[in-house]
Amino acid sequence: MSSGSHLGEARAEHPDAVVLHGLGVSPGSAYGPIVQAAAPVEPPADEPAAEDPAAASETAIASFMHVADTLDAKALSAETTARDILKATAMIARDRSLHREVTKRLNAGSGPTRAIAEAIEEFAARFEALGGYFAERVTDLRDVGARAIAEVLGEPAPGLPTLIEPSIVAADDLAPAETATLDRSLVLGIVTRHGGLTSHTAILAAQMGIPAVVQVHDATTIPAGTPVSIDGGSGEVVVRPDPAAVEAARERRERLAAALAEVTGPGETADGHRVALLANIGGVEDAELAGAEDVEGVGLFRTEFVFLSAVAAPTVEEQTEIYRKVFAPFSGRRVVVRTLDAGADKPLAFADLGPEENPALGRRGLRLSQARPDVLDAQLQALGAASAETGADVRVMAPMVSTAAEARWFAEQVRAAGLATAGVMIEVPAAALRARQVLEAVDFGSLGTNDLAQYTMAADRMEGELSELLDPWQPAVLDVIAAAAAGASQAGRPLGVCGESAGDPLLALVLVGLGVTSLSMAPSKVGAVRLALRTHSQADCRALADAALEAESPEAAREAVRAAVAPALADLL
Ligand code: PEP
Ligand code: MG
């Protein structure tokens with residue numbers, strides 16, 4: 001993942017080639033013609049005030065409802081994460097306060113589509129002010145507005161034209177609802193101008209196995225039909241690449257596929273040091289897909305993803321049913337369940353403590369569970385019931401733990417619910433620095449490097465513009481990880497990683513060198529990490545970790561490690 005200069009630079013070896021740099025968020029390389037997503041339909045510039053505001057209000061609301069119905073219909077045939085996102089977007093379209101804002105604007109003299117645009121922008125400003133998850137939903141909100149405006153005008157919904165050949169999709173930003181419904185057989189890759197590593201679009205693209213690069217400044221100016229190659233790992237986008245380079249990339253893809261097919265089974269270093277390779281999942285369908293993969297279990301089940309669109313608290317029975325289905329494909333394997341990480345960027349309607357000045361630093365994760373023990377109790381009860389009925393090795397961990405006292409409190413709740421194994425996420429620098437004491441209170445820890453980077457660097461993870469600071473290769477982030485690993489070792493507790501960094505094969509080697517005992521990631525990333533481990537001994541990993549820790553910048557750390565790994569691996573990644 002590299003970010004940086006966005007201005008194209010001409011490639012010396014090919015006069016027409018232009019190299020753009022972005023942030024690689026879903027690995028893999030692709031080559032094909034660009035298809036530009038259509039810009040959203042704007043309200044006509046000269047639109048007069050609605051003649052009959054009451055009738056216009058009815059039309060606008062009917063359009064929002066039509067948009068919601070269309071999204072819900074798409075949700076029926078989508079996979080878990082996509083389905084939740086589509087349903088959540090449909091909920092925005094059904095929001096009565098949004099409809100009321102449109103009616104207010106119509107009554108104040110705005111034209112039928114201008115009123116929709118104004119209401120959407122009013123809500124967008126409120127969402128942006130809230131920051132975090134809400135700011136992230138602004139893309140969804142604008143997508144809903146653009147669809148409603150197109151509907152009122154009788155024009156086709158904005159977004160992608162129908163693809164007629166395998167293509168690389170370019171867009172300002174793709175709404176999650178659009179990403180979720182992309183046809184995998186025709187979308188070779190995604191390039192966007194906005195978005196970040198942990199944006200919905202990035203997470204979806206990785207889950208769908210579509211290479212993606214975000215933060216490419218010139219993404220929308222590449223003419224349609226232009227051949228482009230993209231590398232979803234390094235973030236490099238080459239416009240009109242040298243045919244020889246394309247051929248070399250294709251050969252490299254084939255070599256990588258062949259190398260990946262050679263190594264299967266548990267994660268271990270060349271000298272047999274075991275490092276479990278696990279999947280990150282967000283629901284039942286993810287579990288079914290991941291369960292069929294060559295993984296040793298689940299290292300992070302983000303339970304809050306299941307309930308993002310739930311209005312009322314799910315009952316113990318409803319939750320038990322879901323957890324049973326998640327555990328079933330993993331009989332005989334481990335499943336690490338994270339209790340609801342609600343609040344901040346992932347608010348849940350049924351566990352909301354009200355507005356906060358700074359939600360990312362507010363009552364989120366375990367802090368919210370402590371304020372709402374009823375919600376935690378119901379979840380632990382359901383997890384206990386479901387795990388008793390399946391053969392999965394269920395372990396439960398808490399998000400956003402800061403102190404040893406919090407860890408102790410959580411372990412007591414878990415054990416009281418009849419669950420044997422309790423752990424904590426280490427994603428707050430305070431917990432990382434006191435990892436020995438925090439982990440002595442529980443059975444295991446899991447580094448959440450997404451939040452750990454956010455809190456160490458004081459950089460909002462949803463802010464794509466700050467991706468350089470959020471880079472997990474940042475020396476300070478590596479130092480904090482090293483401190484946590486040292487504490488875990490003193491406490492004699494296993495410490496995994498379940499943040500996005502675990503899926504970067506080079507960084508995975510560093511993490512293992514620092515003492516990390518398991519790695520959990522999107523299933524599409526497991527193969528390359530397994531290959532990296534098998535080609536290095538534990539001592540190699542330690543030497544790579546030392547090299548990374550000595551570097552003065554993320555780029556230098558990455559380069560130092562790349563230069564020191566086995567040449568056969570460097571050639572493939
Ligand atoms: C993390 O913070 O690294 C993590 C794995 O949790 P999430 O991305 O869900 O916050
Ligand atoms: Mg986190």
Side-chain angles (χ1 to χ4, degrees), residues 80-81 84 276 278-288 290-291 295-310 312-343 346 348 350-351 364-401 406-425 427 441-446 448 494 496 498 518 520:
T80 327
T81 312
D84 291 344
L278 307 161
N280 286 356
I281 62 167
V284 175
E285 228 149 317
D286 282 358
E288 284 162 359
V295 295
E296 290 161 73
V298 169
L300 171 63
F301 169 23
R302 290 178 162 105
T303 54
E304 66 282 357
F305 273 19
V306 179
F307 306 113
L308 277 181
S309 50
T315 63
V316 172
E317 291 69 33
E318 283 163 351
Q319 292 193 58
T320 306
E321 184 58 23
I322 293 168
Y323 301 147
R324 200 183 288 128
K325 287 188 186 147
V326 168
F327 299 159
F330 290 97
S331 183
R333 289 185 277 181
R334 89 170 74 158
V335 179
V336 179
V337 182
R338 179 173 71 188
T339 53
L340 295 174
D341 186 14
K346 290 171 287 195
L348 295 181
F350 60 87
R364 57 167 298 201
L366 183 70
R367 302 167 187 181
L368 193 142
S369 296
Q370 289 186 314
R372 289 289 307 272
D374 54 320
V375 174
L376 180 66
D377 282 352
Q379 186 172 29
L380 292 177
Q381 222 179 308
L383 287 169
S387 85
E389 292 170 28
T390 57
D393 166 14
V394 176
R395 309 172 186 190
V396 186
M397 68 179 176
M400 283 295 290
V401 171
E406 287 176 355
R408 247 188 315 277
W409 180 83
F410 181 73
E412 278 163 20
Q413 313 305 308
V414 170
R415 294 191 181 121
L419 290 149
T421 316
V424 291
M425 298 274 299
E427 52 184 348
V442 289
D443 302 305
F444 71 96
S446 185
C498 62
S518 63
S520 190

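Here the structure is a predicted model, which means the values were calculated and not measured. Keep in mind that the numbers below use all heavy atoms, side chains included, and drop hydrogens, waters and symmetry copies.
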> Hey, mind stepping through Tyr323 and Thr390 against side-chain contact (heavy atoms from CB on, under 4.5 Å) and telling me if it holds?
Replying inline: CA-CA 10 Å; Tyr323 301 147; Thr390 57; over 6 Å; no
Which atom of [X] lies closest to which atom of [Y], heavy atoms considered:
X      : Y      : value
Pro399 : Thr339 : CD-OG1, 3.4 Å
Met397 : Val424 : CB-N, 3.9 Å
Ala382 : Val316 : CB-O, 3.6 Å
Asp341 : Gly365 : OD1-CA, 3.5 Å
Val394 : Ser387 : CG2-CB, 3.4 Å
Leu419 : Leu380 : CD1-O, 3.7 Å

Within the 4.5 Å heavy-atom criterion, are [X] and [Y] side-chain neighbours or not?
X      : Y      : result
Trp409 : Leu366 : yes
Phe330 : Val295 : yes
Cys498 : Asn280 : yes
Glu296 : Arg333 : no

Open item on the list: Salt bridge or not between Glu304 and Arg338? Use side-chain N to carboxylate O under 4.0 Å.
Closed with: yes
Let me confirm one number: the [atom1]-[atom2] distance from [X] to [Y], rounded to the nearest 0.5 Å.
X      : Y      : atom1 : atom2 : result
Arg367 : Glu406 : CZ    : CD    : 6.5 Å
Ser520 : Arg334 : OG    : CZ    : 9.0 Å
Glu321 : Glu318 : CD    : CD    : 10.0 Å
Arg395 : Ser446 : CZ    : OG    : 11.0 Å
Gln370 : Gln413 : CD    : CD    : 8.5 Å
Leu383 : Phe301 : CG    : CZ    : 8.0 Å

Run the side-chain contact (heavy atoms from CB on, under 4.5 Å) check on Arg415 and Asp443 step by step: do they pass?
CA-CA 11 Å; Arg415 294 191 181 121; Asp443 302 305; 2.9 Å; yes
**Request:** Starting from the C-alpha separation in whole Å, work towards a yes-or-no answer on side-chain contact (heavy atoms from CB on, under 4.5 Å) for Val298 and Leu278.
**Result:** CA-CA 5 Å; Val298 169; Leu278 307 161; 5.9 Å; no
Full working for side-chain contact (heavy atoms from CB on, under 4.5 Å) between Met425 and Met400
CA-CA 6 Å; Met425 298 274 299; Met400 283 295 290; over 6 Å; no
